[in-house]
Novice: 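Have a look at this one.
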Protein chains: 2
Amino acid sequence: MNTEDYTNPVQMSEVTVVDTFWSNYRELVRTKMIPYQWEALNDRIPDAEPSHCIRNFRIAAGLEDGDFYGFEFQDTDAAKWIEAAAFSLVWHPDKVLEQTIDDVIDLIVSAQQEDGYLDTYYIITGLEKRWTEVINTHELYCAGHMLEAATAYYHAAGKRKLLDAMIRFVDCIDREFGPEPGKQHGYPGHEILEMALIKLYEITKDEKHLALASYFINQRGQSPLFLEEEVRENHLTFKWKDSSFQYQYYQAGLPVREQDKAEGHAVRAVYLYSGMADVARVTGDDTLYQACRTLWNNMVHKRMYITGGIGSSSYGESFTYDYDLPSDTVYAETCASIGLVFFAQRMLMIAPIGEYGDVMEKALYNGIISGMSLDGTRFFYVNPLEVVPEACKKDQLRSHVKPERQKWFGCACCPPNLARMITSLSGYIYTQKKDALYVHLYIGSETVTALSGVETAICMRTDYPWDEDVTIEVTPAHTVHATLACRIPGWCISYTISKNGQVLIPGEMTPKDGYTYIAGLWSPGDTLSLHFDMPVTVVSSNPLVRENIGKAAVMRGPVVYCLEEEDNGRNLHCIRLPITSKFTHAPAKDLPGGAAALHSTGLILDTQGWEANTLYAPCRQDKYLEKELTWIPYYTWANRSCGEMAVWVRTAESNEEVYRG
Amino acid sequence: MNTEDYTNPVQMSEVTVVDTFWSNYRELVRTKMIPYQWEALNDRIPDAEPSHCIRNFRIAAGLEDGDFYGFEFQDTDAAKWIEAAAFSLVWHPDKVLEQTIDDVIDLIVSAQQEDGYLDTYYIITGLEKRWTEVINTHELYCAGHMLEAATAYYHAAGKRKLLDAMIRFVDCIDREFGPEPGKQHGYPGHEILEMALIKLYEITKDEKHLALASYFINQRGQSPLFLEEEVRENHLTFKWKDSSFQYQYYQAGLPVREQDKAEGHAVRAVYLYSGMADVARVTGDDTLYQACRTLWNNMVHKRMYITGGIGSSSYGESFTYDYDLPSDTVYAETCASIGLVFFAQRMLMIAPIGEYGDVMEKALYNGIISGMSLDGTRFFYVNPLEVVPEACKKDQLRSHVKPERQKWFGCACCPPNLARMITSLSGYIYTQKKDALYVHLYIGSETVTALSGVETAICMRTDYPWDEDVTIEVTPAHTVHATLACRIPGWCISYTISKNGQVLIPGEMTPKDGYTYIAGLWSPGDTLSLHFDMPVTVVSSNPLVRENIGKAAVMRGPVVYCLEEEDNGRNLHCIRLPITSKFTHAPAKDLPGGAAALHSTGLILDTQGWEANTLYAPCRQDKYLEKELTWIPYYTWANRSCGEMAVWVRTAESNEEVYRG
């Protein structure tokens with residue numbers, strides 16, 4: 001790793017999003033999800049499973065009598081809510097909301113113990129049991145989420161109350177865990193605290209915070225295995241004793257630098273990798289960065305759905321093995337794709353490599369927002385690439401796959417994770433270093449930043465991902481020598497970049513690792529126009545992906561498309577797509593938000609001659625009929641009706657197989 | 001139903017099997033499995049999970065101290081062993097084995113309670129709990145298996161001790177269950193007792209035995225649901241409360257005449273349907289027969305694998321929904337296919353319809369014997385149609401699928417079921433009525449039976465399923481007018497039948513419902529020669545079977561073939577079979593037992609140009625290389641090495657897609 005490549009995000013507080021595509025989502029989160037979730041945390045949603053989250057804090061604070069209720073990680077619902085709400089304050093100040101946050105922070109802090117400990121599950125059920133079941137009870141995971149909330153609110157509102165409380169909790173954790181004799185040589189069962197500690201360190205610059213994050217990373221998977229010893233000594237249940245991954249469920253079966261495959265619970269994995277990248281960057285540890293590279297490559301090149309989904313099995317919400325990417329029994333949790341964005345962003349900060357940005361974009365426009373209905377009221381935990389509603393009902397192996405988004409979840413991890421992702425999106429668009437600004441995502445936005453020491457306003461305008469054009473107006477206080485580095489999306493075969501209307505030629509821009517560097521003098525009002533050709537592309541999988549052999553998916557720009565029963569009838573598996581098909585695109589009339597639909601000609605099997613009562617018969621030359629196909633963006637599926645859906649469609653070499661009467 | 005169509009099996013004691021294909025299996029069972037299982041029952045197999053079955057009986061009889069060990073249905077291991085051993089005595093008398101059976105029967109009967117009750121689980125763990133958890137604890141299932149053993153040994157050796165004991169147990173059951181006030185209005189949680197009671201009734205002609213079988217059938221699924229009430233009143237665990245099938249797991253959610261789909265646990269289902277067919281036949285109940293027809297049609301036309309496997313889901317070892325026949329996550333338990341043969345035989349006794357015999361043949365030559373290694377020492381519980389060993393290890397959804405047969409099972413249901421199926425095979429070949437003999441299976445055999453009152457010797461010779469020819473020599477004591485009805489296999493498109501060398505023409509034989517009836521005078525030595533053309537057939541599935549769309553399987557005669565990695569390399573999913581391929585067949589050199597292998601030309605995807613690190617790329621015209629393919633009979637898979645296997649292979653319309661250069 002080359003620390004000269006390091007960049008820092010342009011802080012979200014400095015970036016205003018003005019984007020057709022994302023503004024809608026941000027407003028949905030701000031106006032619907034955040035208020036709805038607040039009601040949910042307070043058990044005020046009729047007909048919904050109670051959350052009890054706020055009550056747990058009240059009971060822990062001694063303000064109310066009662067028992068703990070919910071998952072051991074119920075506290076994180078409050079944490080994620082505070083974090084999302086804090087992010088929203090950055091771009092939409094709201095005194096009432098801020099007061100609500102202050103109030104809930106007062107409540108949370110009032111539950112804190114004298115020694116800094118703060119986890120309602122153990123405060124209510126018995127503090128003597130704390131730190132005895134780190135493997136299962138999410139104590140350090142709760143701490144991590146609350147610390148993320150604390151840093152977010154500190155950045156958003158400049159208020160330290162929760163931050164200071166969490167610093168005390170971190171001190172408490174630091175007294176319990178570490179290399180010193182007498183401390184537990186342990187680490188979180190569910191990762192996140194690692195990256196939260198780096199967020200804290202970047203505020204406090206307290207080496208103790210960095211050291212604890214580093215310890216958690218470096219101790220993980222060291223022999224003897226802490227989690228295994230904890231299970232043995234404390235007579236705990238080890239849930240994965242019959243699994244193939246064993247302690248790798250927790251990414252804790254091997255030291256992190258010896259892990260070369262993305263394994264175990266997918267959300268845990270990408271949260272760990274994010275923390276590893278953070279520690280690698282902050283400490284300049286190249287071996288750790290190389291470990292991140294290895295894991296990234298395995299995950300992205302062999303274990304990632306075309307939608308940016310990861311974790312192909314419902315068993316343990318986990319990775320399985322290379323090229324195992326079933327479309328129908330899939331897991332691809334919304335949270336896992338969000339974690340993948342966290343990891344990608346951190347890798348980008350270390351080295352501006354286009355693939356990191358490509359994956360971030362892929363996940364954002366596909367497998368993340370598919371987790372949310374277009375009206376922001378219903379959510380997917382699991383993001384399948386093929387659905388047959390009857391199978392979800394009658395085949396237990398697919399019962400985790402829902403053909404319709406659900407209102408809310410008892411284990412409410414995905415919706416609030418979506419909320420904090422979307423409210424903080426402005427922090428993912430740009431990174432910078434002294435004399436260069438990197439554009440990673442093409443999201444309409446405005447920012448002011450220092451370029452080579454000169455305050456410079458940046459104004460990006462685009463109708464991405466539907467439109468092929470992006471303009472970036474650069475307005476430094478005065479002419480400055482600097483570099484603009486723009487990601488050339490991996491899906492893009494052909495593009496042009498103009499500066500002030502003049503097409504740049506190779507000497508005027510330098511491609512490197514998926515970015516084009518445009519170095520030179522920038523004067524107020526200079527405008528860069530990027531044009532990315534967005535033909536519809538028919539994409540196939542590596543043939544080692546068994547599930548997709550003989551099939552293709554359809555993309556335009558970063559957007560993956562799918563077929564739905566609503567447009568194309570039942571039995572989508574009987575459809576074939578000639579790989580030479582021509583596509584047209586037009587706004588989808590019945591989908592809000594300006595999504596473009598695609599239209600093409602396809603083939604559908606002529607099932608005449610097959611009777612319902614014939615199960616097997618001698619093979620004949622199949623006959624196909626021409627059929628108009630309508631494709632909608634994958635993320636918009638299941639917004640109109642409950643029916644079949646398919647991303648991967650069988651191909652035909654040509655239209656020759658059409659039966660014409 | 002027309003009782004004039006009824007036929008009765010030619011008793012197995014009257015039929016001597018002289019068959020290349022099956023004699024091998026029979027000898028394996030007699031010389032290896034029966035002795036091995038006896039050792040297993042007595043816990044004398046080193047390194048194997050103890051069975052404890054005999055010890056349970058010793059403890060129940062007061063001969064030994066100790067606790068009950070094993071499944072609640074552990075008694076059935078002894079029952080199935082006695083039954084298989086009894087069947088073997090019929091065709092291979094063995095005084096030592098007979099003495100062993102007598103001894104174990106003495107032991108079993110010595111455990112019987114004064115009131116006739118005989119189930120070691122409750123005798124040992126507390127008789128006060130008996131009949132309180134019929135849904136889960138297999139009490140009536142154990143009774144059914146032991147009753148089957150008793151009737152088998154009675155027929156084999158003429159000894160009544162176990163039979164009489166079981167009659168006393170049936171009396172005990174009859175005092176507990178029935179329509180009368182004060183009795184439980186219940187029925188077995190796991191069916192089998194129904195058909196066992198009919199076997200008993202056919203010996204005793206005691207109407208009470210028929211009435212109890214009928215009651216169990218007719219009461220099943222009546223409102224209020226007995227099993228549901230039992231769960232509620234006795235505070236039992238209902239294991240399937242989260243399932244889609246609910247009490248249909250036990251085929252007990254609806255009265256049997258209202259059930260129109262094969263649902264729930266597949267073994268239970270076909271055991272019930274067998275009992276239903278028995279009761280329908282014996283009582284002449286047409287509504288019950290029609291219910292059997294409906295269930296048969298649903299199962300065979302919409303829910304049966306091409307191998308005769310049934311029950312497509314590991315969850316509940318159950319049926320799922322129409323046309324859901326996944327090859328890789330499949331269950332297709334060996335026992336379920338055996339139960340399918342039981343059902344088919346009983347349907348044949350009611351009406352000689354070729355499809356019943358076809359399914360019996362399909363299951364026997366494919367999905368049943370696939371459950372057993374060619375050397376008779378290892379067994380499959382689950383019979384997949386596609387296997388990737390890595391998936392079985394690393395994907396929990398396929399962890400029930402084993403790429404290699406296992407030595408023995410803790411739940412040892414399949415191996416002893418195989419043993420009793422194979423040792424009793426001679427009873428499935430023929431059925432008869434007064435003036436007609438039906439030939440259902442083409443298995444080399446000799447029998448003497450009465451045809452139109454005249455003692456007639458029948459001698460069938462064939463090398464089926466490898467050879468296309470079958471001869472049947474008919475030797476009545478004197479010339480007699482009678483009918484021979486021979487099943488024309490459903491897979492057979494073209495055949496000829498000759499009598500004494502003279503090809504029969506349409507007027508001389510009458511086809512009906514899949515049988516050809518040859519009526520006329522038969523004189524000693526008359527010989528019928530049947531020639532069934534056995535071209536290799538490429539077969540496709542109904543297009544509603546999603547899993548098999550665009551794929552085909554290969555059959556020759558009744559035998560389903562597959563590709564194995566051993567012959568064809570890895571990545572079988574990259575292979576395509578042009579549907580016009582020519583096949584040759586020759587004995588498989590490395591597979592014992594005379595199995596024929598097939599050879600054809602196929603295509604294999606040229607994966608050049610795909611790098612391991614590229615997961616998705618724009619679709620190109622695929623290139624295929626010619627490849628010689630070797631196909632082996634499905635039932636012989638996993639006998640040489642552990643590797644990939646596939647029955648369903650992607651098709652190509654022709655060889656045109658071959659890349660030549």
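In this text, all values refer to a predicted model and were calculated from it rather than measured experimentally. So that the names make sense, note that chain A is the first sequence line, chain B the second, and so on, each numbered from 1.
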Novice: Counting heavy-atom pairs under 4.5 Å with chain B, which one of A:Tyr323, A:Phe319, A:Phe245, A:Trp491 comes out on top?
Specialist: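 It is A:Tyr323.
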
Novice: Using a cut-off of under 4.5 Å for heavy-atom pairs, which of A:Arg570, A:Gln396, A:Arg303 has the most such pairs with chain B?
Specialist: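 Heavy-atom pairs under 4.5 Å are most numerous for A:Gln396.
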
Novice: Could you list the donor-acceptor pairs under 3.5 angstrom formed by side chains in residues 607-618 of chain A, with sequence neighbours left out?
Specialist:
{"unit_1": "A:Tyr616", "atom_1": "OH", "unit_2": "B:Met304", "atom_2": "O", "d": "2.5"}
{"unit_1": "A:Tyr616", "atom_1": "OH", "unit_2": "B:Ile306", "atom_2": "N", "d": "3.0"}

Novice: Could you tell me which non-hydrogen atom of B:Ile549 sits nearest to which non-hydrogen atom of A:Arg650, and how far apart they are?
Specialist: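 It is CG1-NH2, 3.3 Å.
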
Novice: Does A:His573 use its side chain to pair, donor to acceptor, with the backbone of B:Glu547 at less than 3.5 Å?
Specialist: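 Flag not set: sc A:His573 to bb B:Glu547 has no pair under 3.5 Å.
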
Novice: With only heavy atoms counted, which part of B:Ala391 is less than 4.5 Å from chain A, the side chain, the backbone, both or neither?
Specialist: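 Backbone plus side chain of B:Ala391, per the 4.5 Å heavy-atom cut-off to chain A.
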
Novice: For residues B:Ser540 and A:Cys619, report the shortest heavy-atom separation together with the two atoms involved.
Specialist: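 So the minimum-distance heavy-atom pair works out to OG-CA, 3.7 Å.
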
Novice: Checking heavy atoms, do the side chain of A:Asp324, its backbone, both or neither come under 4.5 Å from chain B?
Specialist: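 Only the side chain of A:Asp324 comes within 4.5 Å of chain B.
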
Novice: Looking at B:Ser243, B:Ser318, B:Gly550, B:Pro543, which one has more heavy-atom pairs under 4.5 Å with chain A than the rest?
Specialist: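 Looking at each of B:Ser243, B:Ser318, B:Gly550, B:Pro543 in turn, B:Pro543 comes out on top.
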
Novice: Does any pair with a residue in residues 385-397 of chain B pass salt bridge (Lys or Arg N to Asp or Glu O under 4.0 Å), and if so which ones, sequence neighbours excluded?
Specialist: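 Found B:Glu390-B:Lys394, B:Asp395-B:Arg398.
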
Novice: Let me know if A:Val300 has heavy atoms under 4.5 Å from chain B in its side chain, its backbone, both or neither.
Specialist: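 Only the backbone of A:Val300 comes within 4.5 Å of chain B.
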
Novice: Using non-hydrogen atoms and a 4.5 Å limit, figure out which bit of A:Leu544 sits close to chain B: side chain, backbone, both or neither.
Specialist: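 Its backbone and side chain both get close to chain B.
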
Novice: Name the member of A:Ser313, A:Ser541, A:Ser244 that forms the most heavy-atom pairs with chain B at distances under 4.5 Å.
Specialist: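 Of the candidates given, the most pairs with chain B belong to A:Ser541.
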
Novice: I'd like to verify something: which residue of B:Leu325, B:Leu572, B:Val539 has the highest number of heavy-atom pairs under 4.5 Å with chain A?
Specialist: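 Top option by heavy-atom pairs under 4.5 Å: B:Val539.
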
Novice: Evaluate the side-chain proximity of B:Leu397 to A:Ser314: yes if any heavy-atom separation is below 4.5 Å, no if none is.
Specialist: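 Yes, side chains in contact.
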
